[in-house]
Protein chains: 2
Amino acid sequence: MQETKKESWFNCDVCIFKQTICHFITDEEFESLFEATQQLKFKRNEYIMKQGAKSDYIVYLSKGRVKMNSETDSGKNIILTITNAPILLGGAIMLNDSINIFSIIAIEDCDVCLINIDILKSFIIKNGELSLKLLEFLSGMFKDSIYNFISLAHKQVNGRIADILIYLSKTIYHSNNFTLTITRKEIAEFAGCSQENVIHTLTRFHKDEIIRSEGKSIEILDMDKLIKISKIG
Amino acid sequence: MQETKKESWFNCDVCIFKQTICHFITDEEFESLFEATQQLKFKRNEYIMKQGAKSDYIVYLSKGRVKMNSETDSGKNIILTITNAPILLGGAIMLNDSINIFSIIAIEDCDVCLINIDILKSFIIKNGELSLKLLEFLSGMFKDSIYNFISLAHKQVNGRIADILIYLSKTIYHSNNFTLTITRKEIAEFAGCSQENVIHTLTRFHKDEIIRSEGKSIEILDMDKLIKISKIG
DNA sequence: GCAGCGATATGAAATATTTCATGTTTTTTC
DNA sequence: GAAAAAACATGAAATATTTCATATCGCTGC
């Protein structure tokens with residue numbers, strides 16, 4: 001992890017967070033927030049936010065993809081959801097607790113700004129409209145994790161793998177033909193089943209010509225069939 | 001469901017929501033919010049908020065207990081969490097969407113105030129500190145549902161039933177000896193397994209003298225053992 | 001107070017999933 | 001470029017869970 005100088009690394013001109021917040025605060029106020037912000041790069045599998053740790057910043061993910069991960073004492077993981085930049089990741093502030101109940105981990109190389117919560121809160125207190133706007137930003141990831149919860153609880157493995165393939169295609173990679181940036185093990189953690197079961201299911205979908213699966217490369221051949229499997233569960 | 005006159009039903013003097021919000025808004029502002037608020041009573045199994053419906057209010061549960069429920073097209077249910085009064089239930093506003101992705105259903109007779117979102121938002125815009133306070137109120141239910149998600153994903157049925165018994169004892173009924181206000185079927189929907197599996201597990205815990213189970217009456221005999229089962233999963 | 005319905009309970013058979021063992025392929029490190 | 005490690009793949013056995021059939025108990029409605 002490499003700490004960088006201000007504005008010498010990320011292209012702040014196209015930053016959606018900056019564009020949004022500058023509607024509500026002055027340039028001077030933005031400068032004070034920016035001075036307190038850390039711009040960092042994370043490599044795949046590095047922790048952006050650590051479960052169990054205290055946290056006094058929120059994360060603006062300007063580039064890359066992350067997973068929202070929960071780990072048991074015995075080292076078992078569950079992925080609550082996966083998400084794309086650009087996005088604001090609230091972690092603790094979202095759930096009103098200073099201790100993170102899950103980790104946020106890079107699944108690809110990521111560009112991240114760590115934004116000081118106390119300064120941000122001081123702007124929120126002065127400008128209530130800002131809080132509604134930030135809430136708008138912060139809620140997406142939780143919604144997706146609730147959809148995953150619902151999938152996990154309602155469906156058998158076929159339906160869950162179908163859900164995940166659809167989610168990856170439509171929301172993460174924006175293509176029916178994509179190169180995975182997560183392993184089969186991570187897909188299993190996302191689906192709440194064993195790695196062998198994921199591999200068996202992907203193989204069966206490949207044989208049924210629903211997908212074409214060649215290592216990390218996945219192509220959705222029959223989205224309608226996949227959606228049908230998702231619905232059946 | 002019975003609509004009632006203002007202040008002729010609930011004891012508003014002890015209302016935590018009123019006490020809290022009156023720190024941030026004037027009596028006149030409170031009056032205008034109150035005039036737009038509906039005070040309602042719900043019986044067990046009545047819908048306070050309906051999945052798939054639009055919603056322009058948030059719910060203050062002043063008395064009773066509710067479940068946060070998701071239903072599939074085929075009628076299968078999952079309970080994301082169960083919660084006690086007094087609590088503020090945000091539904092859509094929490095996830096920044098006007099359509100509810102889950103239902104809130106009474107599991108006992110409930111007293112509820114439906115609070116107009118637009119009026120509340122107009123206060124938030126004027127007073128940013130209020131938004132932080134409301135966020136504090138609104139996040140608890142989601143946090144509990146995330147804990148349930150994590151339990152569901154990490155653990156086998158024994159561990160999940162143990163988790164639920166602990167949660168009911170410590171958070172819902174505040175006693176090691178309680179009368180259930182949910183059925184075995186609802187416990188199964190909360191645990192994401194079959195009703196027979198819940199009954200088998202409760203019977204086994206009864207035989208192992210971890211709990212005493214007599215119909216709706218449950219007593220936790222060995223909380224340490226239950227916690228151990230919860231940890232093992 | 002009784003009949004009917006819903007909830008609870010039990011145990012066995014069927015199904016879904018995990019675990020295990022082993023091998024192959026791909027990626028990473030030196 | 002090669003060796004080692006990680007990821008992927010396969011199939012069978014073991015385990016967890018659901019489904020099914022049946023019976024009993026408790027609650028609701030008339």
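Below, chains carry the letters A, B, ... as their sequence lines are ordered, and counting in each starts from 1.
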Item to complete: Write down the atom of B:His154, the atom of A:Lys76, and the distance for their closest heavy-atom approach.
Response: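 In this case the closest contact between B:His154 and A:Lys76 is O-NZ, 3.1 Å.
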Practice item. Locate the shortest heavy-atom distance separating A:Phe42 from A:Leu40; write the atom from each residue and the value. Key: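 So the two residues come closest at CE1-CB, 3.7 Å.
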Could you state the atom-to-atom distance from [atom1] of [X] to [atom2] of [N] in whole Å?
X        : N      : atom1 : atom2 : value
B:Phe205 : C:dA9  : CZ    : P     : 14 Å
A:Ile107 : D:dA7  : CD1   : C1'   : 16 Å
A:Arg44  : D:dA7  : CZ    : C1'   : 11 Å
B:Ile199 : C:dA7  : CD1   : C1'   : 8 Å
B:Ile187 : C:dT8  : CD1   : C1'   : 11 Å
A:Ile218 : D:dA7  : CD1   : C1'   : 14 Å
A:Asn45  : D:dA6  : CG    : P     : 12 Å
A:Lys43  : C:dT28 : NZ    : P     : 13 Å

### Message
B:Phe149 and ring-ring contact (aromatic ring centres under 6.0 Å, His included): which single residue from A:Phe102, A:Phe149, A:Tyr147 fits?
### Response
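Exactly one option meets the ring-ring contact (aromatic ring centres under 6.0 Å, His included) with B:Phe149, and it is A:Phe149.
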List, with names and distances, any nitrogen or oxygen atoms from the protein found under 3.5 Å away from nitrogen or oxygen atoms belonging to nucleotides 17-20 of chain D.
{"from": "D:dT17", "atom 1": "OP1", "to": "B:Val157", "atom 2": "N", "distance (Å)": "3.0"}
{"from": "D:dT18", "atom 1": "OP1", "to": "B:Ser194", "atom 2": "N", "distance (Å)": "3.0"}
{"from": "D:dT18", "atom 1": "OP2", "to": "B:Ser194", "atom 2": "N", "distance (Å)": "3.0"}
{"from": "D:dT18", "atom 1": "OP2", "to": "B:Ser194", "atom 2": "OG", "distance (Å)": "2.9"}
{"from": "D:dT18", "atom 1": "OP2", "to": "B:Asn197", "atom 2": "ND2", "distance (Å)": "2.7"}
{"from": "D:dC20", "atom 1": "N4", "to": "B:Glu196", "atom 2": "OE2", "distance (Å)": "3.0"}

Under a 4.0 Å heavy-atom criterion, the protein footprint on nucleotides 22-30 of chain D, written with B, S and -, is ---------
Could you verify whether a donor N or O on one side chain and an acceptor N or O on the other, from [X] and [Y], lie under 3.5 Å apart?
X        : Y        : value
A:Asn158 : A:Arg204 : yes
A:Ser103 : A:Asn69  : no
A:Tyr167 : A:Asp144 : yes
A:Thr81  : A:Asn148 : no
A:Thr37  : A:Tyr57  : no
A:Ser62  : A:Asp111 : no

Indicate yes or no: does A:Lys67 engage A:Glu46 in a salt bridge with an N to O separation below 4.0 Å.
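Between A:Glu46 and A:Lys67 there is no salt bridge, as every charged N stays at least 4.0 Å from the carboxylate O atoms.
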Q. To 10°, what angle do the rotation axes through the five end pairs on each side of the helix from C:dG1-D:dC30 to C:dC30-D:dG1 form?
A.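 One end's axis against the other's: 60°.
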With B:Glu71, which residues qualify under side-chain hydrogen bond (donor to acceptor under 3.5 Å, both in side chains), at least two apart?
->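 With neighbours one apart ignored, the set is empty.
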query: Within a strict 4.5 Å, meaning less than it, do heavy atoms of the B:Pro86 and B:Tyr60 side chains meet?
result: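 Yes, close enough: below the 4.5 Å cut-off.
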Strand contacts (DNA chain C) in residues 226-233 of chain A, 4.0 angstrom heavy-atom criterion: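 Within residues 226-233 of chain A, no residue comes under 4.0 Å of DNA chain C.
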*Partners passing side-chain contact (heavy atoms from CB on, under 4.5 Å) against A:Asn197 (at least two apart in sequence or in another chain)*: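 Applying side-chain contact (heavy atoms from CB on, under 4.5 Å) to A:Asn197 gives A:Val157, A:Cys193, A:Ser194, A:Thr201.
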Below 4.0 angstrom from OP1 or OP2 of C:dG6, is there any side-chain N or O of B:Thr183?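 Result: no.
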